[in-house]
Structure formats: structure tokens, C-alpha cells
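Residue indices begin at 1 and follow the sequence shown.
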Amino acid sequence: CILASARLDVPTQMELLETVRSHDSDLPVVLLGEPPTEAIKHRFDADGAAEFVREEINTVSFDTLASRIREFVATYRNRRARFMERDIVARLESRIHETERRITALHGVAIRLNEAQTVEGVYRETTRAAEDILDLDVCFAFAAENDQFVPKARSTTSTDRELRPIPLDSGVMGKTYRTGTSERAVDMDVHDMAEPVFGEYKSGLSVPIGTFGVFQAVSKQPGAFDAIDLELTELLTAHAASVLQRLDFEDQLRIERDRFRALFENTADCIIEADFVDEEPIIQSVNPAFESVFGYEQSEVEGRSVDEVVVGEEEREEARTLTKHVRDGDIVQAEVRRQTTEGLKDFLLRSVPVEDDRLYGVYTDITEQKDNERTITQKTERLDKFASTISHDLRNPLNVADGRLELARDEGDNEHLQAVASAHSRIQALIDDLLILAREGQQAQSIESLSLASVVDRCWVDLGGDRAALAIGTDQRIYANESQ
């Protein structure tokens with residue numbers, strides 16, 4: 001403490017107190033001796049750290065004087081400690097109330113963010129809330145797009161920081177984005193947040209906005225942001241990231257819906273969209289291909305049962321079975337016949353459940369294919385009947401000829417009778433091949449590698465080539481059916 005004589009004139013006493021206070025607001029000052037004037041007493045009482053000791057310093061012992069001074073200083077220190085305690089508590093309570101107010105306000109911001117319909121709107125609302133509620137006067141929001149950060153919004157406070165796209169791996173912003181961890185720079189002179197250069201800004205925050213971007217706030221004062229500022233900023237960016245995620249999901253969903261709608265409208269397959277109502281599939285919409293192939297306008301079938309519209313009486317039981325499988329969550333694929341305005345047609349049906357009570361029925365018109373199959377079957381049956389008839393009609397005279405040949409060979413065999421026997425065998429083989437071809441089709445004919453010279457030589461013999469000479473000058477091979 002400082003001891004001074006109360007015998008100093010009033011201006012000197014005032015000047016002494018002001019001089020001490022200009023250097024130390026808590027240092028005790030004690031005036032000894034004369035009773036103070038009202039002006040001095042009022043000023044000392046107001047100061048709280050100054051006191052008069054009204055003792056005749058020439059007659060009082062030093063021990064007593066020292067005791068009085070120690071008593072005053074101790075009283076002052078206790079009083080000062082209580083005052084500081086109350087001040088700290090008051091400031092903490094004020095900060096708690098302010099933090100609660102900001103948190104409550106941020107919940108309101110979350111509601112406004114959820115109302116945003118664009119990404120740009122989310123970033124603008126984020127910086128506006130940071131400025132108005134969190135008192136972050138200079139702040140910016142960047143979106144990660146392709147290989148760089150693109151500035152999306154900034155606070156209204158003017159700043160000399162130029163906002164431009166920067167690489168994703170740039171400085172603390174890149175680190176914040178890669179790690180998903182916030183950074184708080186108390187003093188940028190010793191923090192890597194100063195890269196890239198922030199100019200005259202001395203402290204800052206760098207907070208990830210989910211996987212979508214980075215939020216930054218800066219100040220010209222060192223240590224401008226504490227841990228609570230960082231936590232509140234993280235709460236704000238968490239709200240923003242949640243909304244950005246919703247918008248991204250909605251955008252992807254919109255793209256998928258547009259693609260599906262384009263497919264729905266332009267595919268050649270007939271599609272029915274139906275909802276189950278009381279276990280019955282009720283048509284909600286049909287595509288243009290359905291209207292064209294089945295012959296019904298959407299307005300004619302909307303709200304009606306699928307089975308009522310496209311299933312004939314003979315197919316009702318089958319249709320109910322297929323519907324039950326779809327209702328149970330199964331994907332159904334089957335060839336069916338369905339009723340159109342032009343009569344029954346053949347379809348490949350694929351029924352797909354997409355939600356608890358919704359299904360899509362996709363009908364591919366295979367009527368022409370099935371008609372061709374039926375036509376081919378009928379032709380094959382007729383050809384088989386024809387071949388069987390021909391085979392029967394040929395075998396009878398051939399059997400007679402074989403019998404006559406055997407009788408002739410019993411009387412005496414010669415090369416002419418051998419040629420006849422070979423021809424009969426050839427005819428029998430042709431008849432057998434004709435039956436196989438009629439019943440099994442072209443695929444029944446086996447193909448193999450044959451020597452062209454051997455085939456030609458055998459044909460020459462069958463044709464009676466003894467009246468001329470045959471010269472074969474090739475060793476080429478061919479792929480063919482030997483009997484043909």
C-alpha cells in the first residue's frame with residue numbers, strides 16, 4: 001500500500017490518488033493524521049481502496065499504526081475478493097444467459113434453414129445467423145465443388161479479404177474439410193490458419209459444414225473467439241449441414257424421379273401404377289404405351305381394379321394368385337394373356353412392389369412372338385404328318401423292292417444288284433433323315449469335318465461312275481452332314 005500524510009493540501013491529496021489509480025486500480029492508499037475534508041472523504045469513500053487513519057502519528061506507537069494499516073488493508077482485500085467473486089459469478093451468469101439465448105435463437109435458425117429451398121439460401125442464412133446471433137462480424141461460407149472451395153456467402157461487414165475459389169487442399173480450410181475437425185486460432189501469427197494470408201486478421205474459426213463445405217470467421221483482435229464461440233458455431237453449421245444433406249437427397253430423388261418419369265412415359269412396355277386398397281390393386285396411372293396397346297385412356301381406368309380392366313374371366317384365378325405373390329413382397333414374372341379393346345393378347349408380366357401399398361405392373365406385348373410360335377408349331381405338326389405319310393408311302397414299295405432284290409440275289413449276285421442294294425440303303429437313310437428333320441428341325445442335323453475327296457468319290461460310285469474316269473486333285477476338308 002501507499003502511505004501519505006493527511007496534511008497535504010486538498011489538490012495534492014486528489015492528485016496523489018489519481019496518479020496512483022492511473023497506474024494501479026487496486027493498490028490501497030492510506031492518509032495519516034488530520035481528519036479529511038468532506039470533498040476528500042467523499043472521493044476516498046467512492047474509491048474503496050483508499051482510507052484515512054485518524055491518529056496523531058507523533059504520539060501513536062508504530063506497532064499500533066502498523067496494526068491499523070494492516071487491518072485496513074486486510075479489510076480491503078477481503079472486500080475486494082468478495083467483490084471479484086460476485087463480479088465473476090455475475091459475468092458467468094451473464095455468459096450462461098447469453099449462451100442460452102443464442103442456443104434458443106439457433107433453434108429458430110434451424111427452422112428457417114429447413115425452409116430454404118436452395119443451397120445458396122442455406123449458406124446465406126448461415127452467415128446471417130452467425131453475424132446476427134453469434135456476433136461473428138466477419139465470416140464466410142465456402143462450398144466444396146469439384147476440386148476447389150467456391151465462396152457462397154459472406155457477412156455484411158465490409159472486409160478487405162478477397163473471396164475467390166481456392167484449391168481443396170489449401171491451408172487450414174483444406175485441413176478442416178479433410179479431417180472434419182474444427183480449428184480455433186487464438187493468434188494467427190503462430191497458427192497455420194494464417195495460410196493463405198488473412199491480412200490484418202489476428203484470430204479466427206474454421207468449422208466444417210458436414211461434407212459440403214467450410215465456414216470461417218475472423219477478427220482483428222487476438223483471442224476474439226473462445227471455446228463457447230466455437231461450440232455455438234459448430235451447432236450452427238451442424239444445422240446447415242443437415243439441411244444441405246436433405247436438399248442433396250431431394251435433388252438426387254428428383255433426378256431419379258425425372259428419369260423414371262421419362263422411362264414411364266417413353267418406354268414401349270405398358271406400365272400400370274397401382275395402390276392396394278382392401279387388398280385389391282387399384283389403378284392410379286398408366287403410361288402412353290398402355291393406352292396404345294390396351295386401348296384404354298387413363299381417365300377410363302383410373303380408380304378401377306387392375307383385374308377388372310385387363311383380366312378376362314378365364315384368367316381371374318391366375319391373376320389373383322399373382323397378385324397375392326406381389327402383395328407378399330415377391331417380384332413376379334410370368335407369361336399371361338390379358339384383355340384389351342382388341343381382344344386377348346399375350347404379355348410378359350413383371351409385377352414389382354415398391355412400397356407397402358404400391359406396385360408397378362409392366363406388360364411387354366409378346367403377342368406377335370407367341371403367334372409366330374403357334375404358327376411354327378402348327379407348321380411343324382403339319383410337316384411331321386406329311387413326312388410320316390411320305391415315309392409310310394415310300395417304305396411300302398421300298399420293302400417290296402428289297403424283297404425282290406433278295407430273291408434276285410439268291411439266284412445269283414452281281415455288281416448291278418449290289419448297286420441296287422446300295423441305292424435302297426440310300427433311300428432308307430433319306431427317309432429317316434426326313435422324319436428327323438420334320439420332328440426336330442434343322443438343329444437335329446449334325447455337322448462334322450469331312451474329306452471333300454472322299455465325299456466326291458462316294459457320290460461318283462453311287463452315280464455309276466464305271467463308264468468314265470474321275471480325277472480328284474484336292475485334300476480340302478468341308479463341314480457338312482455326311483448323309484446329306
Note: Arg124-Glu120 ion pair, threshold 4.0 Å (strictly below)
no
Indicate yes or no for a side-chain donor-acceptor contact from Gln284 to the backbone of Ile282 under 3.5 Å, with no hydrogens or angles considered.
yes
Backbone of Tyr363 reached by a side-chain donor or acceptor of Arg350 within 3.5 Å
no
On a heavy-atom basis, which atom in Thr118 and which in Gly121 lie closest, and how many Å separate them?
OG1-N, 3.0 Å
Just do the side chain to side chain contact (heavy atoms under 4.5 Å, CB included) check on Ser219 and Tyr201 with the steps written out, would you?
CA-CA 5 Å; Ser219 173; Tyr201 297 108; 5.7 Å; no
Interatomic distance, Ser170 atom OG to Lys175 atom NZ [nearest 0.5 angstrom]:
13.5 Å
What is the minimum heavy-atom distance between Gly204 and Phe225, and which atoms define it?
CA-CE1, 3.6 Å
Could you give the distance from CG (Asp346) to OG1 (Thr367), rounded to the nearest 0.5 Å?
5.0 Å
Distance, nearest 0.5 Å, that separates CD1 of Ile331 from CG of Leu359
12.0 Å
Under a 4.0 Å threshold between the charged nitrogen and the carboxylate oxygen, would Asp328 count as salt-bridged to Lys324?
yes
What pair of heavy atoms forms the shortest contact from Gln221 to Lys202, and how long is it?
C-CB, 4.0 Å
Close side-chain approach of Leu349 to Gln333, heavy-atom, < 4.5 Å:
no
Would you say the side chain of Phe290 lies within less than 4.5 Å of the side chain of Thr340, judging by non-hydrogen atoms?
no
Given the ring of Phe276, does Arg327 sit roughly above its face, with NZ or CZ under 6.0 Å from the centre of the six-membered ring and within 45° of the axis?
yes
Report yes or no: does Thr233 contribute a side-chain atom to a donor-acceptor pair with the main-chain N or O of Asp229 at less than 3.5 Å?
yes
Specify the closest pair of heavy atoms between Ala240 and Val122, including all atoms of both residues, with the distance to one decimal.
O-CG1, 3.9 Å
Indicate yes or no: at least one non-hydrogen side-chain atom of Leu244 is less than 4.5 angstrom from one of Tyr123.
yes
Gap between atom CD of Glu183 and atom CG of Leu205 - 0.5 Å precision
10.5 Å
With side chains defined as the heavy atoms from C-beta onward, is the minimum distance between Met173 and Phe142 less than 4.5 Å?
yes
Taking Thr323 for its side chain and Ala319 for its backbone only, find out whether a donor-acceptor pair lies under 3.5 Å.
yes
All heavy atoms of Leu236 vs all of Thr126, minimum pair found to be CD2-O, 3.5 Å
Tell me if a side-chain donor or acceptor on Thr176 pairs with a main-chain N or O of Val207 at a distance below 3.5 Å.
no
Answer yes or no: is there an ion pair linking Glu250 with Arg257, defined by an N-O contact shorter than 4.0 Å?
no
Intermediate values then yes/no, salt bridge (Lys or Arg N to Asp or Glu O under 4.0 Å), Arg254 and Asp251
CA-CA 5 Å; Arg254 190 179 302 109; Asp251 187 53; 3.3 Å; yes
Whether the side chain of Asp278 engages the backbone of Glu280 through a donor-acceptor N/O pair (distance < 3.5 Å, no angle test) should be reported.
no
Has the side chain of Asn287 got a donor or acceptor atom that lies under 3.5 Å from a matching backbone atom of Phe264?
yes
Got a salt bridge between Arg338 and Glu315, using NZ or NE/NH1/NH2 to carboxylate O under 4.0 Å?
no
Rounded distance (nearest 0.5 Å) linking atom CD of Gln216 with atom CZ of Arg154:
12.5 Å
Counting only N and O atoms by type, is there a donor-acceptor contact under 3.5 Å from the side chain of Glu291 to the main-chain atoms of Gln298?
yes
Are Asp137 and Thr157 linked by a side-chain donor-acceptor pair shorter than 3.5 Å?
no
State, with a plain yes or no, whether a side-chain heavy atom of Glu273 is found less than 4.5 Å away from one of Arg358.
yes
Is Arg128 salt-bridged to Glu125, going by a charged N under 4.0 Å from an acidic O?
yes
Charged N to carboxylate O under 4.0 angstrom, Arg374 versus Asp371?
yes
Determine, stepwise, if the pair Val214 / Ser206 fulfils side chain to side chain contact (heavy atoms under 4.5 Å, CB included).
CA-CA 7 Å; Val214 174; Ser206 184; 3.6 Å; yes
Is a salt bridge present between Arg112 and Glu115, judged by a nitrogen-to-oxygen distance below 4.0 Å?
no
Could you pull out the closest heavy-atom pair between His239 and Leu106, with the gap in Å?
CD2-O, 3.9 Å
As an exercise, state the distance from OG of Ser351 to CG of Leu322, rounded to the nearest 0.5 Å.
7.0 Å
So that I can tick it off, tell me whether Lys370 and Asp365 are bridged by a salt bridge, with the cut-off set at under 4.0 angstrom between side-chain N and carboxylate O.
no
Does either side chain, that of Glu302 or that of Ser285, offer a donor lying less than 3.5 Å from an acceptor on the other one?
no
So, the side chain of Ser155 versus the backbone of Cys139: is there a donor-acceptor pair under 3.5 Å, distance only?
yes
Phe212 and Leu247: CA distance, side-chain angles, deciding distance, side chain to side chain contact (heavy atoms under 4.5 Å, CB included) verdict
CA-CA 11 Å; Phe212 300 96; Leu247 291 177; over 6 Å; no
Side chains of Val306 and Ile272: does their closest heavy-atom pair fall under 4.5 Å?
yes
A quick test of your reading: do over 12 heavy atoms of other residues, nucleotides or ligands sit less than 6.0 Å from CG of Asn266?
yes
Is any side-chain heavy atom of Ile271 less than 4.5 Å from a side-chain heavy atom of Tyr360?
yes
Chi angles and distances behind the side chain to side chain contact (heavy atoms under 4.5 Å, CB included) call for Val336, Glu318:
CA-CA 9 Å; Val336 298; Glu318 170 213 42; 3.7 Å; yes
Hey, is CD1 on Ile255 packed in by over 12 heavy atoms from elsewhere, all under 6.0 Å?
yes
Are Glu335 and Ile366 close enough that some pair of their side-chain heavy atoms sits under 4.5 Å apart?
yes
Heavy-atom count around Glu373 CD within 6.0 Å, excluding the residue itself: above 12?
yes
Would a distance-only check, ignoring hydrogens and angles, find a side-chain to backbone donor-acceptor pair under 3.5 Å from Arg304 to Glu300?
yes
Verdict with reasoning, Tyr177 to Phe149, per ring-ring contact (aromatic ring centres under 6.0 Å, His included)
CA-CA 10 Å; Tyr177 181 73; Phe149 291 111; 5.5 Å; yes
